[in-house]
Amino acid sequence: MIVTEIVPLDKRRSKIILEDDFTLVLYRGEIRRFGIEEGKPLSEETYQEILQEVLLKRARERVLYLLKSSDKTEQELRRKLKDGGYPKEAADYAINFLKEHRFINDQDYGRRYVEFNLERKSERQIQYELQKKGLDKEVIQEILREQPVNEEAQIRAYVRKKCLKPEEMDFKERSRIMAALGRKGFSYDAISHVLGGFYSDI
């Protein structure tokens with residue numbers, strides 16, 4: 001692998017850009033220690049030395065630090081490591097360490113996420129956000145079967161908060177409110193059921 005460029009990130013660290021856009025982030029002292037120079041090859045032996053002596057441990061410490069502030073899914077942590085210049089081997093090592101010590105479990109994360117947002121977000125919005133975080137669609141559906149979202153209750157709460165009176169709405173106003181609720185991810189059935197005549201429950 002040829003070192004194509006060394007780009008300073010701050011006063012202490014630089015990004016090492018290798019062929020095929022493969023990157024590493026190292027401290028300047030480490031760059032000197034391993035004899036890394038622009039235009040020169042980085043041998044597989046030296047790369048493995050960097051990986052074993054520096055990057056594996058640093059990746060593990062990084063994910064532990066990230067989990068201190070908030071729960072994260074495996075995909076979120078892998079993305080953070082990739083953005084931080086950690087190679088796949090270091091990311092795999094760090095994620096496996098977390099799994100072995102039960103620091104992360106995407107299914108448990110999903111359950112906590114649904115429980116926290118059960119009365120705040122629509123089912124569709126929860127599904128979308130959990131899929132973005134890397135949870136499998138079938139896993140999300142299983143969690144939502146365990147903890148179903150009461151969309152009608154949320155819509156009633158929305159109507160109360162906005163001081164709306166569905167029984168007095170004309171077609172145009174009702175369509176506007178239905179569209180707003182639809183953008184929040186609520187199903188048409190739940191919206192029409194609440195706005196369609198159950199005014200005594202609101």
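- Considering only heavy atoms from C-beta on, R33 stays 4.5 Å or farther from L26 through its side chain.
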K133 vs E129, salt bridge (Lys or Arg N to Asp or Glu O under 4.0 Å): CA-CA, chis, key distance, verdict: CA-CA 6 Å; K133 291 175 178 290; E129 290 175 357; over 6 Å; no
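- The closest side-chain heavy-atom distance from P8 to R28 is below 4.5 Å.
- Residue L144 holds its CG atom at 13.0 Å from CZ of R124, rounded to the nearest 0.5 Å.
- Taking CZ of F186 as the start and CD of Q125 as the end, the distance is 7.5 Å to the nearest 0.5 Å.
- Between the side chain of E19 and the backbone N or O of I2 there is at least one donor-acceptor pair closer than 3.5 Å.
- Under the 30°/60° scheme for interplanar angles, the aromatic rings of H101 and F103 are found to lie parallel.
- The only member of N105, D71, N117 that meets side-chain hydrogen bond (donor to acceptor under 3.5 Å, both in side chains) when paired with R112 is D71.
- The line from CG of L135 to CG of D106 is 5.0 Å long, rounded to the nearest 0.5 Å.
- Residue Y47 comes nearest to P87 through the heavy atom pair OH-CB, 3.4 Å, listed as atom of the first residue, atom of the second, then distance.
- In this structure, Q127 contributes its side chain and K137 its backbone to no donor-acceptor pair below 3.5 Å.
- The two residues I16 and I36 make their nearest non-hydrogen contact at CG2-CG2, 4.0 Å.
- T46 places no side-chain N or O within donor-acceptor distance of the main-chain N or O of L42, the cut-off being under 3.5 Å.
- Taking all atoms of both residues into account, the shortest heavy-atom contact from M178 to Y188 is CE-CE1, 3.6 Å.
- Ion pairing between R79 and D83 fails under the 4.0 Å rule for side-chain N and carboxylate O.
- Counting heavy-atom neighbours within 6.0 Å of E119 CD, excluding the residue itself, gives a total of 12 or less.
- Ion pairing between a basic and an acidic side chain is recognised when a charged N comes within 4.0 Å of a carboxylate O; E76 and K80 show no such pairing.
- E151 contributes no side-chain N or O that, together with a main-chain N or O of S122, makes up a donor-acceptor pair within less than 3.5 Å.
- In plain terms, the two heavy atoms of E89 and L51 that are nearest each other are CB-CD2, 3.8 Å.
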